[in-house]
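Side chains are part of it too, since the values below use all heavy atoms of this structure and drop only hydrogens, waters and symmetry mates. For reference, positions follow the sequence shown, starting with 1.
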Amino acid sequence: MVIELIQRSRRKFLLQSSALALGVALPMRAISAIDTENARLLAAWQLPGGVYQVGVLNTVGQGDTLHGTVAMAVDLPTRPHGLMHLQGDEYLIVARRPGDWILRMNIRSGETLRIWQDEARYLNGHSAKHGRYIFIAETDVLQGTGALAVRDHETFDLLDVWPTHGKDPHQIVVLPKGGLGIEEPFLLVANGGIPTHADMGRAQLQHLPMDSSLVALHPLTGKVLNQWTLNDSRLSLRHMAVHVGSGVVGIAMQAHHGTAALQHAAPLLALLDEGGLHVVEESAYAKDYAGDIAATPQGFVISCTKNDTAAHFDWQGKLLYTQQSKAACALASEGEQVWLGSMLTSFNKPMVLDNHWLLLSA
């Protein structure tokens, strides 16, 4: 597993790479020397023996060298996916779909609390927090329709379940009053749209139509405030980031067309603003899979995992730069810097990062 730090400078990416092994600091090979600050990341990964873990990674920049260690690690029952800050030192980890557990973890004390999911619905890997409520993306097992579980952020009691008006809901973001022209705070849910069946786990039913969309929901009632779809129904809208300056939402997508040629040619980035939802044509031909997205002052970085590339676009969709990176996936950003997780196969028994990570405060 490799951590890469990307920084915009003189119209190109500058890159640093390091290898991390459990509890061992390994030297970092600097491809381009830049000064970096120490960073802490909440991440999830898989060990060579197959065990899944979540924990804190420390990276230390020293001139043109970066070292990394695992500061803490907690074993997980199955593969994790989304990570979210709750309050203080507490974070929430949600199982990958079809998931059946949520983990509440204190990164200072190491204390954890696991909540098991109701059998009537399975978890889709993401959550969001607004006020005293936690929202969890789920799927109704029998109906195959999207649901949003509403839980108390302290007790985690289930308070309500709302429809997401689509299938396969994935990431949820909270937008402020005035965002996308909506005159009140709201939840934005990305319905991935991939049809599945209760007896088939993650296997998608290719013969059924997809139902992918973005839905704005009132955070107190679940009322639909707006909904957007793309003309191409085989594009799955999955992960989102918000550009602070413009309020534009960037959406990382995955393509699920009937042929390899169509999938390969599909765009992987869409943008949502007050004018509507549209694909970014310059994000096409990147092998059908964007693993994550992060906002920057200029726009958005997406990780094109199968194409071994990270691509930086401005908030209007213009391609700024690309960076080659083996199996690029997890992204975190702060100001001009973006931390990109990827894979180098030359290390013995590497830690394999999962899709997402979070930058922690020092």
Test side chain to side chain contact (heavy atoms under 4.5 Å, CB included) on Asn226 and Leu180; report intermediate values, then the result.
CA-CA 10 Å; Asn226 208 338; Leu180 303 177; over 6 Å; no
Honestly curious: do Met84 and Val173 fall in one hydrophobic cluster under the side-chain, below-4.5 Å linking rule?
no
Looking at side-chain heavy atoms only, is the closest gap between Leu214 and Val249 below 4.5 Å?
no
Do the side chains of Leu123 and Leu86 join up, straight or via other hydrophobic residues, at under 4.5 Å, putting them in one cluster?
yes
Determine whether His170 and His81 satisfy the following criterion, ring pair (Phe, Tyr, Trp, His ring centres under 6.0 Å), listing intermediate values before the conclusion.
CA-CA 10 Å; His170 209 65; His81 192 69; 5.1 Å; yes
Strictly distance-based, threshold 3.5 Å: is any side-chain N or O of Lys326 a donor or acceptor partner for the main-chain N or O of Ala328?
no
I need the single residue from Val94, Ile102, Asp354 that forms a side chain to side chain contact (heavy atoms under 4.5 Å, CB included) with Pro80. Which is it?
Asp354
Between Ser213 and Trp228, is the side-chain hydrogen bond (donor to acceptor under 3.5 Å, both in side chains) condition met? List the steps.
CA-CA 6 Å; Ser213 65; Trp228 303 264; over 6 Å; no
Tell me whether the centres of the aromatic rings in Trp162 and Phe135 are closer together than 6.0 Å.
yes
Mark yes when over 12 heavy atoms from residues, nucleotides or ligands other than Asp157 sit less than 6.0 Å from its CG; otherwise mark no.
yes
If you measure only the distance, is there a donor-acceptor pair under 3.5 Å linking the side chains of His130 and His153?
no
Salt-bridge contact Asp211-Lys167 (side-chain N to carboxylate O under 4.0 Å)
no
Answer yes if the side chains of Thr139 and Asn124 hold a donor-acceptor pair under 3.5 Å, and no otherwise.
yes
Between atom CD1 of Ile134 and atom OG of Ser127, what is the distance when rounded to the nearest 0.5 Å?
6.5 Å
Under 3.5 Å: donor-acceptor pair, side chain of Glu334, backbone of Val338
no
Write down the atom of Leu359, the atom of Ala39, and the distance for their closest heavy-atom approach.
CD1-CB, 4.1 Å
Whether Asp140 side chain and Gln143 backbone form a donor-acceptor pair below 3.5 Å:
yes
Can you get from Met253 to Ile194 by hopping between Ile, Leu, Val, Met, Phe, Trp and Tyr side chains that sit under 4.5 Å apart?
no
Just do the side chain to side chain contact (heavy atoms under 4.5 Å, CB included) check on Asp75 and Tyr52 with the steps written out, would you?
CA-CA 6 Å; Asp75 289 350; Tyr52 293 105; over 6 Å; no
Heavy-atom distance under 4.5 Å between the side chains of Met105 and Glu111, does that happen here?
no
What are the two closest heavy atoms between Cys329 and Thr305, and how far apart are they?
SG-OG1, 4.0 Å
Does one side chain, of Gln254 or Ser236, offer a donor that lies under 3.5 Å from an acceptor on the other?
no
Does a salt bridge link Asp152 with Arg132, judged by any charged N lying under 4.0 Å from a carboxylate O?
yes
Would you check if there is a donor-acceptor pair between the side chains of Arg238 and Asn191 at a distance under 3.5 Å?
no
Shortest non-hydrogen contact from Ile107 to Leu42?
CG2-CD1, 4.1 Å
Which heavy atom of Thr322 sits nearest a heavy atom of Ala311, and at what distance?
CG2-CB, 4.2 Å
Regarding Arg104 and Glu90, does a basic nitrogen lie under 4.0 Å from an acidic carboxylate oxygen?
yes
Relative to each other, are the rings of His239 and His356 parallel, tilted or perpendicular (30° and 60° limits)?
perpendicular
From Cys304 atom SG to Gln323 atom CD, the distance as rounded to the nearest 0.5 Å
12.0 Å
Do Leu159 and Val189 sit in the same hydrophobic cluster, where Ile, Leu, Val, Met, Phe, Trp and Tyr count as joined when their side-chain heavy atoms come under 4.5 Å apart?
yes
List in chain and number order the residues that pass ring pair (Phe, Tyr, Trp, His ring centres under 6.0 Å) with His85, two or more places apart in sequence or in another chain; answer none if no residue qualifies.
Tyr91
Do Leu277 and Leu230 come close enough that some side-chain heavy atom pair is under 4.5 Å?
yes
Compute whether any side-chain donor of one residue and acceptor of the other, for Asp288 and His256, lie under 3.5 angstrom apart.
no
Cluster overlap Trp315 with Val279, hydrophobic side-chain contacts below 4.5 Å
no
Above 12 or not: heavy atoms from other molecules or residues under 6.0 Å from CD of Gln87?
yes
Is any side-chain heavy atom of Val174 closer than 4.5 Å to a side-chain heavy atom of Leu188?
no
From Leu57 atom CG to Leu358 atom CG, the distance as rounded to the nearest 0.5 Å
11.0 Å
Would you tell me whether Ser333 and Trp339 have side-chain atoms, one donor and one acceptor, within less than 3.5 Å of each other?
no
Are any side-chain N or O atoms of Asp232 and backbone N or O atoms of Arg234, one a donor and one an acceptor, separated by less than 3.5 Å?
yes
Which distance, rounded to the nearest 0.5 Å, do you find between the CG of Leu268 and the OG of Ser303?
9.5 Å
Exam field: side chain Gln53 to backbone Val74, donor-acceptor pair closer than 3.5 Å:
no
What I'd like to find out is whether the side chain of Leu113 reaches to under 4.5 Å of the side chain of Phe156, using heavy atoms alone.
no
Do you know which two heavy atoms are closest between Ile293 and Ile251, and how far apart they sit?
CD1-N, 3.8 Å
Specify whether Tyr321 and His312 have parallel, tilted or perpendicular ring planes, treating 30° as the upper limit for parallel and 60° as the lower limit for perpendicular.
tilted
Indicate yes or no: at least one non-hydrogen side-chain atom of His218 is less than 4.5 angstrom from one of Phe186.
no
Please name the residue in the list Leu271, Leu331, Leu320, Asp314 that meets the side chain to side chain contact (heavy atoms under 4.5 Å, CB included) test with Phe300.
Leu271
One pair to check against side chain to side chain contact (heavy atoms under 4.5 Å, CB included): Leu272 and Val248. What are the steps and the verdict?
CA-CA 6 Å; Leu272 175 66; Val248 172; over 6 Å; no
Donor-acceptor pair between Glu336 and Gln298 side chains, under 3.5 angstrom
yes
Let me see the working for Asp308 and Lys287 under salt bridge (Lys or Arg N to Asp or Glu O under 4.0 Å), right down to the final yes or no.
CA-CA 9 Å; Asp308 298 330; Lys287 296 186 179 178; over 6 Å; no
So do Val70 and Val56 actually touch side chain to side chain, heavy atoms under 4.5 Å?
no
CG-CD distance between Leu353 and Gln46, expressed to the nearest 0.5 angstrom
11.5 Å
Donor-acceptor contact below 3.5 Å, side chain Gln227 vs main chain His165
yes
Over all atoms of both residues, closest heavy-atom pair of Leu237 and Ala190
O-CB, 3.6 Å
Rounding to 0.5 Å, atoms CG (Leu340) and OG (Ser325) come to a distance of 4.0 Å
Salt-bridge contact Asp168-Arg97 (side-chain N to carboxylate O under 4.0 Å):
yes
Student check: side-chain heavy atoms of Asp100 and Trp116 closer than 4.5 Å:
yes
